[in-house]
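Worksheet for the structure shown next.
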Amino acid sequence: MQAVQHVARWAFVVVILVPSVATAGQEVILPDVCTASWDQPELYGLIKDGNDILPFGTEDVAVEFFVDTGASGFVVSKVIADAFGIGWADFEGYYTETGIAGVEIGDVTRPFTIKLINGSLWTVPPEVPEADFDDYGEFNLWARRTFDELELWDPVNIVGMPIIRQCVMDIDPTPIAELDRLRTYLLPHGDPNIPTDQLSAHVALRLVNFLPDEPPPGETFPSSADNPVIPNIVVRHGGHSSVGTWLLDTGASASFISIAQANAIGLTQYTSLDDILNANDFDFSTEVGGIGGTAVVPGYLVDQVRVPTMEGFELVFDDIELLVIDVAGLDGVFGMNCLVPSLSLYREAEGPGYFERIVIDTANAVMGLDIFDDAFIVQSNPDLDGDGDVDADDAAIMAAEMTGPIRLTVLEAEHYGTNTEGSGTAEGWGWVEQTGGGSIGDGYLEALPDAGLLVGGSGVIESDSPRLTYPTYFPEAGAYFLWLKGAADDAGDDSVYYGLDGVVTGTLASEAARLPIGSGFGWLSQRGDGERLVIDVPSAGVHTLDLWFREDGAKIDRLALAAAEAYVPAEPPETRHIADLDGDGDVDVVDFAILAEAFTGP
């Protein structure tokens, strides 16, 4: 197998290889994150038509693919499509994609098989047997109709979420320190090579569908899958802050925020890209390219980007260079410059890179990180609102998050990690986001359509029933008591199954969780047989709490997990951990004492 050549672009970067750990209530400071990453995940792959590899002339040649969590599907460059003979006879339709610089029409191919080989473009020998490539199935690819000068020497081809969702994506950036390429491994779930025990931080993700329910008139969808986003990212600058949901994009070398986010933190007063550029209202500018062409975008040196972890501490990207552009309605894009060594386009600085390993598990909606020791820890941050002082506003935030001396996790139902539609006996059913009805937060989820579906039976629940997952950090193993705030119109709507890590707790009607009937949303921790809802957690760390349909029509507003059997929820706030200043898993008088000691007033 003849592999294509690739020209990489490098500079020397030093990375210190000593892991670091933090706990709830702390901050891990990651200074000097620069504009563009030194590398991005790429793998060699094959495009097959049935049993035949698409040839380049008379040779079987592997293609360079970016492995891109920001791509809902696949991209085949015009250069590769022409070279491999993918043409009009192979197209089933067309589709208009949205990218960094606007929209672009491309052709949707008939199904082709994609096979990939793990490692990097520098670790694969010149000739490799096809058996060394992993087969991921057939997909309808999106083929570009045009190319620019850059693509003539470095064509951009992308494999996205339909393949990544099948695997755990393990990225090893440490070879960059030796002027080598980072390593990318797509591993089966449960593979012993996944460095689970090495990870010191976990970031909760959420899978989002960015495609419309139906393609525009006359167009055809290519193969696609949901993309991961990171909720509750806080960007701070000059005493201002804004919260948003950012796309996790391994195909983006840089990180972006929207113009609205830039306005909210005082970077610029202008509300259009042209006005920002015409007024020279930026720290630096650069040209970016992708789907839709190229665009000149402004950049800024921003005080902080703060990413919450499931362990309760925050990753604080300090003095970070961000670009500003509106892309597909996103608040921001979390690019590879935050995850691997980076290069500045603005100042004499290099971002050293702070992670020894990056593990992205989109099926369970979690990104795990192993933090290097050159990230330093601030023991607590009593300035809970980030305005530069510790005053009554911070005390009010702490009071709202007060739990007392109990270990408690509270989740909004609509803030799930993944939401998987039904199949088999539950084909056409799903959890649908609704608003109003007396719910708290952004809304609630309802099992729809309400047409009398009842799912049951060992194995059928996990395989067929629509499933919600909630990635949750458990500080220790043991029994946790589950409360659901739900509602049911009648006895045909009042039950759901629950479980941990994809395994249902019980398959009988008597073992399913019950919901209040006819009285609106209310808290209940009760099975069909009257027993409590108990989750037995086998080990400390990150697990997924799961809910499945039993009966359609069920409504879920919130969830709570308490280590104390006697706990009864009133209306606790969603868990954020920021007020847990001593890192013990609760917000109580000890945390108030820490805040009082740091009190400055306004």
Side-chain angles (χ1 to χ4, degrees), residues 1-8 39-86 90 97 106-144 147 151 153-172 181-188 191 222-225 249-251 290-291 336 360 362:
M1 181 67 60
Q2 178 65 43
V4 293
Q5 298 297 309
H6 181 86
V7 179
D39 201 7
Q40 295 165 252
E42 285 187 88
L43 294 176
Y44 278 126
L46 304 175
I47 304 175
K48 294 190 65 178
D49 184 7
N51 293 323
D52 300 321
I53 300 171
L54 292 189
F56 181 80
T58 60
E59 299 291 330
D60 292 339
V61 178
V63 178
E64 301 176 11
F65 284 105
F66 285 96
V67 186
D68 184 1
T69 59
S72 298
F74 301 81
V75 175
V76 176
S77 66
K78 173 68 171 171
V79 172
I80 292 299
D82 288 350
F84 283 49
I86 300 174
D90 300 305
E97 290 279 10
D107 295 299
V108 179
T109 73
R110 61 186 175 85
F112 287 98
T113 297
I114 300 295
K115 302 183 75 173
L116 301 171
I117 187 169
N118 284 332
S120 84
L121 300 189
W122 288 12
T123 60
V124 177
E127 295 191 9
V128 185
E130 183 187 343
D132 289 356
F133 289 76
D134 295 316
D135 189 332
Y136 290 95
E138 288 189 331
F139 306 96
N140 298 96
L141 314 178
W142 186 82
R144 300 188 76 175
F147 58 84
E151 283 218 339
W153 68 274
D154 195 11
V156 175
N157 306 284
I158 295 171
V159 294
M161 287 305 299
I163 285 180
I164 297 171
R165 183 71 186 272
Q166 299 179 35
C167 316
V168 174
M169 184 176 178
D170 178 17
I171 301 171
D172 177 5
R181 301 296 304 270
L182 62 76
R183 306 292 192 259
T184 303
Y185 307 95
L186 299 179
L187 302 173
D191 191 299
S223 296
S224 66
D249 192 349
T250 59
I291 301 302
M336 287 298 294
I360 301 172
T362 55

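Excluded from the calculations below are hydrogen atoms, water molecules and symmetry mates; all remaining heavy atoms, backbone and side chain alike, are included. This one's a predicted model, so the numbers in the text were calculated from it and none came from an experiment.
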E97 side chain vs I291 backbone, donor-acceptor pair below 3.5 Å
no
Would you say M336 and D39 make side-chain contact, with heavy atoms under 4.5 Å?
no
Atom pair CG/CG of L186 and D191 - distance to nearest 0.5 Å
11.0 Å
After noting the C-alpha distance and the side-chain angles of F65 and I80, does the key distance pass the side chain to side chain contact (heavy atoms under 4.5 Å, CB included) rule?
CA-CA 11 Å; F65 284 105; I80 292 299; over 6 Å; no
Assess whether side chain to side chain contact (heavy atoms under 4.5 Å, CB included) is satisfied between T184 and M169, documenting all intermediate values.
CA-CA 7 Å; T184 303; M169 184 176 178; 4.2 Å; yes
Between L43 and V159, is any pair of side-chain heavy atoms under 4.5 Å apart?
no
Is there side-chain contact between D107 and I86, with heavy atoms separated by less than 4.5 Å?
no
Contact between V75 and F66 at the side-chain level, heavy atoms closer than 4.5 Å - yes or no?
no
Spatial distance of atom NZ (K48) from atom CG (D135) [nearest 0.5 Å]
7.0 Å
Check: S72 and M161 side chains under 4.5 Å, non-hydrogen atoms:
no
I'd like to check the side-chain hydrogen bond (donor to acceptor under 3.5 Å, both in side chains) partners of D170; sequence neighbours left out, ordered by chain and number.
R357
Rounded distance (nearest 0.5 Å) linking atom OH of Y185 with atom CG of D134
13.0 Å
Roughly how far apart are R144 CZ and S77 OG, rounded to 0.5 Å?
8.0 Å
Closest non-hydrogen contact found for Q40 with G251 is NE2-O, 2.8 Å
d(R165 CZ, I360 CD1) to nearest 0.5 Å is 14.0 Å
Please tabulate, one pair per line, all N/O donor-acceptor pairs under 3.5 Å involving side-chain atoms of residues 108-117, not counting sequence neighbours.
unit_1: T109; atom_1: OG1; unit_2: L141; atom_2: N; d: 3.0
unit_1: R110; atom_1: NE; unit_2: D90; atom_2: OD1; d: 2.9
unit_1: R110; atom_1: NH1; unit_2: D49; atom_2: OD1; d: 3.0
unit_1: R110; atom_1: NH2; unit_2: D49; atom_2: OD2; d: 2.7
unit_1: R110; atom_1: NH2; unit_2: D90; atom_2: OD1; d: 3.0
unit_1: K115; atom_1: NZ; unit_2: E130; atom_2: OE2; d: 3.1

Do L182 and I171 make a side-chain contact, defined as non-hydrogen atoms from C-beta onward lying under 4.5 Å apart?
yes
Looking only at atom types and distance, does a side-chain atom of N140 sit under 3.5 Å from a main-chain N or O of S223, one as donor and one as acceptor?
no
Please name the pair of heavy atoms, one in F139 and one in P162, separated by the smallest distance, quoted to 0.1 Å.
CE2-CB, 3.8 Å
Side chains of F133 and I53, heavy atoms from C-beta outward: is any pair under 4.5 Å?
no
Mind checking the CD1-CH2 spacing from I158 to W142? Nearest 0.5 Å is all I need.
9.0 Å
